[in-house]
Amino acid sequence: MAGLAVSASPAPAPASFRPAAAASRFGPCAQVAGPAANFRTRVCGLRCLIAAKLKFRKTLKRHGWQLRRNLEVRANDKVPDWLEATPLTENIMSRDVQLAYDSGGETSNTCPDTLDSSVIEQSSMHHKLNPSETHPPVLKEDPVLFDDPPESAAPLCIAVIGATGELAKNKVFPALFALYYSGFLPQNVGIFGYSRKTLTDEDLRSMIEANLTCRVDHHENCDEKLNEFLKRTYYIDAGYDNKDGMVKLNSKMSQIEGNCAANRIFYLAVPQEALLDVALSLADSAQTMQGWNRIIIEKPFGFTGLSSHRVTQSLLSRFEEEQIYRIDHLLGKDLIENLTVLRFSNLVFEPLWSRTYIRNVQVIFSEETAAEIQGRYFGNYGIIRDIVHSHILQTIALFAMEPPVSLDGEDIRDEKVKVLRSIRQVNLEDVVLGQLKDTSVKVDRYTKSLTPTYFAAAMYIDNSRWDGVPFLIKTGIGLMENRAEIRIQFRHVPGNIYRERFGHDIDLDTNELILRDQPEEAILLKVNNKVPGLGLQLDASELNLLYRDRYNVELPDSYEHLLLDVLDGDSHLFMRSDEVAAAWNVLTPLIHEIDQNRIAPELYEAGGRGPVNAYYLAAKHGIVKIVSPDCTTRGSGGGEMHVTPKFTWQGI
Ligand SMILES: NC(=O)C1=CN([C@@H]2O[C@H](COP(=O)(O)OP(=O)(O)OC[C@H]3O[C@@H](n4cnc5c(N)ncnc54)[C@H](OP(=O)(O)O)[C@@H]3O)[C@@H](O)[C@H]2O)C=CC1
Ligand SMILES: O=C1O[C@H](COP(=O)(O)O)[C@@H](O)[C@H](O)[C@H]1O
């Protein structure tokens, strides 16, 4: 951090960043996001692939992801005419202005020196604030960051509330820097760290710097970018009253923004106990009147259905639904986006997506992580509230939903909530609870708690598409490996003429599709084929797409993905209030039954596969266990036949 001083002028953006990033996304004080902009993100994987195949490679590299993301909006595979024929800036700018829409605030396309009163009035109505609050006090001693000429870009202020916490340090600031580095944040961006500790700007910068790195595959100007980013970072010593703290934050932001129409994002990385105090205080005192305001809230989303409902009601008393982004970073993984991309853009899959062809679905999320760093699980939230309520149920909802009307966030959320409302309440008999045996010094505390660290369950969706199809969930910590995948097992081929060739176990011919995030990103499809040569040997082979072989890029962290979605106003991976409630309706009766009956979880060893009962649960619901590494057998015709399934059942 040597030589870093708070500067009154923003550091100049590099040439490659200015036109594509600042102009396209932020325009001249223009509104930058909205439902229409969602379209950009949805076509992601395929467009990246196609663009990479075209001559764009060098261009993409030079302009960074910002350009790639803009390219992704194209619905065809051709080099866009506008890119070749006219200056990039001009084209992107006009399109973005056209797409401009505001879901959480008002904006203007110009950057007036003074606010006109009609704008103030509109904004105030929208945010339920008093027009008199639009003139924050000015802190004379502080530097002003956003002093670019009006035509440059709409400012964006991002406040990380709980800036000294683990989440902020390890995930949020690094993700913000990665976005800044890659050109996704506007030139006029200000980053504000907020907590109750007495720190200075420099303290915050040093803390952030300790965790910042540049991408291995994209490393130019790293130090320069790091310094630019840190110069735009400020600390707010909020004290112990969030009402005062938010007034301070607002003053600082207003000062940095100047009079330009500005947008604000508030990332609430605070403990659940502090959530409402922080959220309501900021609603009253820290929202901008001249742009949109969005708040990001961390999981878990409540402790029971009732407590969650209360939190939701309080939030909705001050914010519009469209302003609230409930983040679960596990949903920001490519695995999740691929669920819908794969299904809705492939004729070979889309017609098969129902009970007619799918026999069962497994959603697996296991972690090696030891219990020591999962302290908040014990005697507290546990894995059902932390992982199942949001990550697992959202995955099932995205997997099982009807085709949405469009890729717009609200259309997708409309379909997800229908799935959540159709999930049958989970029967305790179809549940396995586990708890990691703990040999650490904290063993007393842990053994007194019945909080599960492992959860398996068979769920059913009572609608016409999924009637009778088991969705087997398996999730836990302290297991043998990190595994995040969705496994789809298909039904048998009716009247399969090769039936006998599979020997005694017809299940061995089960087609299986696996979408995997961990241990490594891949899409795998198990098919049956003939082994070359004389005789009729069948082989269960894999048509594999390993991301590491196909794409030579470092994958962004899921916080980057989701923060960018917030910036874009794309809500499809964030739970709406009705989704939160519907998910609680599935789980609350089960949680009550577990709590009231003090159901003891099955203890399991660290580094193992988890509770043995999970195997029986799978078997009970007809989940195939494909483990036969060597099943040479004889077909009825007497010829030798090898069935060599390479897919072993991952029984975590
Ligand atoms: N850590 C992680 O990886 C994940 C965390 N989460 C969720 O994110 C949230 C934060 O987690 P984490 O960072 O681990 O928690 P920490 O306890 O590490 O940090 C909490 C932060 O909030 C601040 N804070 C605490 N109370 C208040 C208050 N009343 N008003 C204002 N600020 C306050 C603390 O600073 P100070 O005391 O100085 O004010 C600190 O900066 C939690 O809700 C957690 O469930 C979700 C997923 C993953
Ligand atoms: O939200 C959570 O996620 C982490 C895993 O995060 P990742 O970035 O390693 O995928 C998990 O350890 C934690 O239990 C859970 O609350």
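Computed from a prediction, not measured in an experiment: that's the story for all the values here. One-based numbering, in listed order, for ligands and for the atoms of each.
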- [ ] Using a 4.5 Å cut-off on heavy atoms from C-beta on, say whether the side chain of L176 contacts that of F229.
- [x] yes

Open item on the list: Show me which atoms of ligand 1 lie under 4.0 Å from any heavy atom of K197.
Closed with: 35 (O), 36 (P), 37 (O), 38 (O)

Open item on the list: Taking K197 first and then D237, would you say they form a salt bridge - that is, a charged N and a carboxylate O separated by under 4.0 Å?
Closed with: no

Open item on the list: Looking at L567, is its backbone amide N or carbonyl O close enough to the side chain of R294 to form a donor-acceptor pair, meaning the two atoms are under 3.5 Å apart?
Closed with: yes

TODO: Using a 4.0 Å heavy-atom cut-off, say whether D328 meets ligand 2 through its side chain, its backbone, both or neither.
DONE: neither

TODO: May I ask you to list the atoms of ligand 1 that are less than 4.0 angstrom from any heavy atom of K299?
DONE: 6 (N), 7 (C), 44 (C), 45 (O), 46 (C)

- [ ] Would you check the N or O atoms of T369, main chain and side chain alike, for any that come under 3.5 Å of an N or O of ligand 2?
- [x] no

Open item on the list: Side chain, backbone, both or neither: which applies to E298 and ligand 1 if a contact is any heavy-atom pair less than 4.0 Å apart?
Closed with: side chain

Open item on the list: Quick test of your reading of the model: are K299 and D386 salt-bridged, counting only N-O distances below 4.0 Å?
Closed with: yes

- [ ] Check ligand 1 against V278 and write out every atom of the ligand that is under 4.0 Å from a heavy-atom position of the residue.
- [x] 30 (N), 31 (C)

Task: Which segment of N242 sits under 4.0 Å of ligand 1 when only heavy atoms are counted - done: side chain

Task: Short N or O distance, R196 and ligand 1, threshold 3.5 Å exclusive - done: yes

Task: Electrostatic pair E367-R483, nearest N-O below 4.0 angstrom - done: no

Open item on the list: Please determine whether any non-hydrogen atom of Q518 lies less than 4.0 Å from an atom of ligand 2.
Closed with: no

- [ ] Indicate, as side chain, backbone, both or neither, the part of H329 found under 4.0 angstrom from ligand 2 when only non-hydrogen atoms are considered.
- [x] side chain

Open item on the list: Between R516 (side chain only) and E485 (backbone N and O only), is there a donor and an acceptor less than 3.5 Å apart?
Closed with: no

Task: D386 neighbourhood, listing ligand 2 atoms whose heavy-atom distance to it stays under 4.0 Å - done: 14 (O), 15 (C), 16 (O)

TODO: Would you confirm whether N211, through its side chain, and N170, through its main-chain N or O, come within 3.5 Å as a donor-acceptor pair?
DONE: no

Task: Minimum non-hydrogen distance to atom 20 (C) of ligand 1, winning option of P271, G239, S195 - done: P271

Open item on the list: With respect to Q272, determine whether any N or O atom, backbone or side chain, lies less than 3.5 Å from an N or O atom of ligand 1.
Closed with: yes

- [ ] Give the atoms of ligand 2, by number and element, whose distance to some non-hydrogen atom of L330 is under 4.0 Å.
- [x] 10 (O)

- [ ] Pick whichever of L167, V270, T164 has a heavy atom sitting closest to atom 42 (C) of ligand 1.
- [x] V270

- [ ] Report the member of G245, A269, A274 with the shortest heavy-atom distance to atom 21 (C) of ligand 1.
- [x] A269

Task: Within-cut-off N or O pair, G165 and ligand 1, under 3.5 Å - done: yes

Open item on the list: Check this for me: does any side-chain nitrogen of one of R576 and E579 sit under 4.0 Å from a carboxylate oxygen of the other?
Closed with: no

- [ ] Using modelled atom types only, decide if a donor and an acceptor are shared between the side chain of D517 and the backbone of P519 within a distance under 3.5 Å.
- [x] no

Open item on the list: Out of all atoms in ligand 1, which are within 4.0 Å of some heavy atom of P300? Include the element for each.
Closed with: 45 (O)

Open item on the list: At less than 4.0 angstrom from any non-hydrogen atom of K299, what atoms of ligand 2 do you find?
Closed with: 1 (O), 2 (C), 15 (C), 16 (O)

TODO: Spell out, as yes or no, whether a donor-acceptor pair under 3.5 Å connects the side chain of D241 to the backbone of K243.
DONE: yes

Open item on the list: Any non-hydrogen side-chain atom of I384 less than 4.5 Å from a side-chain atom of L433?
Closed with: yes

Open item on the list: Please list, in number order, the atoms of ligand 1 under 4.0 Å from a heavy atom of A163.
Closed with: 41 (O)

- [ ] Please verify whether a non-hydrogen atom of K333 lies at under 4.0 Å from ligand 2.
- [x] yes

Open item on the list: Does this structure show an ion pair linking E520 with R548, if we count only N-O contacts that are shorter than 4.0 Å?
Closed with: yes

- [ ] Please answer whether the main-chain N or O of S577 pairs with a side-chain N or O of E321 as donor and acceptor at a distance below 3.5 Å.
- [x] yes

Open item on the list: With heavy-atom distances below 4.0 Å as the criterion, list the atoms of ligand 2 near K171.
Closed with: 8 (O)

